There are 2 protein chains.
Amino acid sequence: MPKTKETFAYPAVAVDALVFTIQGDQLQVALIQRGIEPFKGCWALPGGFVRPGEALEEAVKRELQEEVGADGVYLEQLYTFGDPERDPRGRVISVAYFALVAADNLRDLKASTDAVDARWFPLHDLPTLAFDHRRILDLAVNRLRAKLEYSTIAYALLPHAFSLTQLQKVYEIILDRPLDKRNFRKKILSMDILEQTDRRSGGAHRPASLYIFKNREVTFF
Amino acid sequence: MPKTKETFAYPAVAVDALVFTIQGDQLQVALIQRGIEPFKGCWALPGGFVRPGEALEEAVKRELQEEVGADGVYLEQLYTFGDPERDPRGRVISVAYFALVAADNLRDLKASTDAVDARWFPLHDLPTLAFDHRRILDLAVNRLRAKLEYSTIAYALLPHAFSLTQLQKVYEIILDRPLDKRNFRKKILSMDILEQTDRRSGGAHRPASLYIFKNREVTFF
DNA sequence: ACAAAAGTGTTTAGGTTACACCCATGA
DNA sequence: TCATGGGTGTAACCTAAACACTTTTGT
């Protein structure tokens with residue numbers, strides 16, 4: 001730690017995670033139920049304090065391991081909240097990250113330290129959240145919507161190979177509006193970000209071609 | 001401060017400011033020359049530690065007052081840097097903000113505490129920067145460019161009333177490429193964000209109509 | 001054979017680009 | 001009168017939106 005006279009402040013630094021997935025045709029977010037004060041019994045974002053020597057991203061990944069038990073997720077820094085009044089216990093600066101987990105990569109949520117329960121909540125049916133977490137969540141949803149339109153993040157919500165209908169559904173669920181099938185396909189295919197495989201989906205009806213992303217990273221248009 | 005057992009980490013929290021202005025047909029950034037170790041003599045971003053009870057944005061505004069002496073600037077949080085190795089003195093988490101100051105709102109830069117000098121540098125002629133500040137600066141420039149294209153932030157770099165040519169120049173300087181005059185005017189005017197005043201510019205040649213932004217806040221397209 | 005999802009083109013409207021000349025003013 | 005920046009329109013192109021029927025498969 002700095003030893004110079006300018007180091008006035010030693011606030012606690014925490015990370016919070018906005019973990020999204022798509023399940024049951026709904027966008028869902030992982031929440032934990034607090035087992036301790038303040039906001040005991042309330043639902044809140046999973047998160048925790050950053051340990052000495054630990055990078056911010058490492059800290060989030062550790063929390064995700066503990067609570068969501070998922071790895072291989074997409075992770076991106078969202079915003080830092082530092083209002084002195086945001087935590088009744090004292091000064092806590094929280095760096096919020098948002099994460100996307102593919103449904104086929106989900107384990108059951110585990111309530112970790114200080115949490116009595118952990119669950120996925122559909123965005124249309126949220127409980128009251130602790131602290132300023134509702135505001136953080138709203139910001140994250142806006143960012144997710146915006147980013148969906150000019151990047152390839154959707155890959156993080158889908159299995160490795162997927163049909164165009166599945167991809168379209170991801171867009172429709174997140175943007176919360178229907179899209180035209182023909183226009184959607186035309187646009188996505190013209191972007192040259194997908195590769196058609198020779199695999200086809202099973203199921204009760206006409207099988208669909210499965211595609212994979214050429215580049216399993218987020219790229220921008 | 002939290003007294004619970006989870007408060008492992010008490011890193012120092014700082015803010016850094018990326019202050020941009022346009023002067024002499026160039027995008028310029030405010031830098032200070034460090035008077036103390038580490039990186040003594042190096043140029044760096046203005047910034048400092050957050051004081052107890054002080055909001056992050058307050059801390060940046062205080063630094064801006066001290067070093068840039070400008071108020072009424074546009075201010076936006078950029079990103080938080082928390083790599084444990086980024087400051088050789090120890091753990092410092094830094095929340096970077098970017099600020100835009102209109103050229104007609106500039107005072108001379110003042111070297112404040114711990115700085116021996118403070119200057120504007122054109123982006124095309126930068127010194128080597130201390131810490132990870134070069135990376136932060138690059139990120140800020142990218143954000144500025146992106147935001148210029150889908151928001152009205154340009155207002156913050158211009159005087160209250162300005163000609164369309166002045167506005168176009170702001171775009172050209174930041175995007176670092178020439179724009180077509182007719183297309184630029186058509187597009188900007190069709191957005192319905194400007195209001196024509198009855199004032200006209202002085203100068204040696206044909207006077208230009210002056211415009212003002214209808215809404216002196218950042219709005220998005 | 002039927003139910004269900006897959007797959008496929010064309011037309012229209014709107015926006016973006018490229019491009020060159022006349023105008024008003026001060027010196 | 002000349003030098004300098006202010007101001008204006010049109011055609012070609014491209015992208016986005018609206019819109020409905022045929023195909024393939026499992027049951």
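Just so it is clear, the structure is predicted and the values come from calculations on it, not from any experiment. Letters A, B, ... are given to chains in the order of the sequence lines, protein chains preceding strands, and every chain is numbered from 1.
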Check your understanding: So, for B:Q168 and B:L179, which heavy atoms are closest and what is the spacing to 0.1 Å?
Key -> NE2-O, 2.9 Å
Only distances under 3.5 Å count here; give the side-chain donor-acceptor pairs of residues 116-124 of chain A to other protein atoms, sequence neighbours excluded, each with its distance to 0.1 Å.
none

Point to revise | Pair B:Y74 + B:F20: ring centers closer than 6.0 Å | key: no
Exercise for review: May I have the distance from A:K181 (atom NZ) to C:dA4 (atom C1'), rounded to whole angstrom?
Suggested key: 10 Å
Check your understanding: Between A:R206 and A:S201, is any side-chain donor less than 3.5 angstrom from a side-chain acceptor?
Key -> no
Review point. Okay, side chain of B:D132, backbone of B:R135: is any donor-acceptor separation there less than 3.5 Å?
Key: no
Check your understanding: Closest approach of B:A208 and B:S163, non-hydrogen atoms and distance?
Key -> CB-CB, 3.7 Å
Review point. Which part of the nucleic acid, if any, lies within contact of B:S190, taking any heavy atom under 4.0 Å across all strands shown: a base, the sugar-phosphate backbone alone, or nothing?
Key: nothing
Exercise for review: Using the heavy-atom set of chain A and a strict 4.0 Å cut-off, write down the first and last nucleotide of DNA chain D that makes it in, 5' to 3'.
Suggested key: D:dA17 to D:dG26
Point to revise | Of residues 193-210 of chain B, the positions that come close to DNA chain C - non-hydrogen atoms, cut-off under 4.0 Å | key: B:G203, B:A204, B:H205, B:R206, B:P207
Practice item. Take A:D180 and B:N183, find for each the nucleotide of DNA chain C with the closest heavy atom, and name the residue whose nucleotide sits nearer the 5' end. Key: A:D180
Review point. Can you name the residues that form a side chain to side chain contact (heavy atoms under 4.5 Å, CB included) with B:L139, not counting sequence neighbours?
Key: B:L78, B:Y79, B:F81
Revision key, fill the gap. When every non-hydrogen atom of B:Y171 is compared with those of B:A154, the smallest separation belongs to CE1-CB, 3.8 Å
Quick one: which protein N/O atoms are closer than 3.5 Å to N/O atoms of nucleotides 11-16 of chain C? Pair and distance per line, please.
none

Exercise for review: Kindly say whether B:A44 contributes a backbone atom to a donor-acceptor pair with the side chain of B:H133 at under 3.5 angstrom?
Suggested key: no
Show me the donor-acceptor pairs, under 3.5 Å and distance only, between side chains in residues 22-35 of chain B and residues at least two apart or in other chains.
residue : atom : partner : partner atom : Å
B:Q28   : NE2  : B:Q23   : O            : 3.1
B:Q33   : NE2  : B:G41   : O            : 2.9
B:R34   : NE   : B:P38   : O            : 2.7
B:R34   : NH2  : B:P38   : O            : 3.1

Check your understanding: How long is the line joining CD of A:Q168 and C1' of C:dA5, in whole Å?
Key -> 12 Å
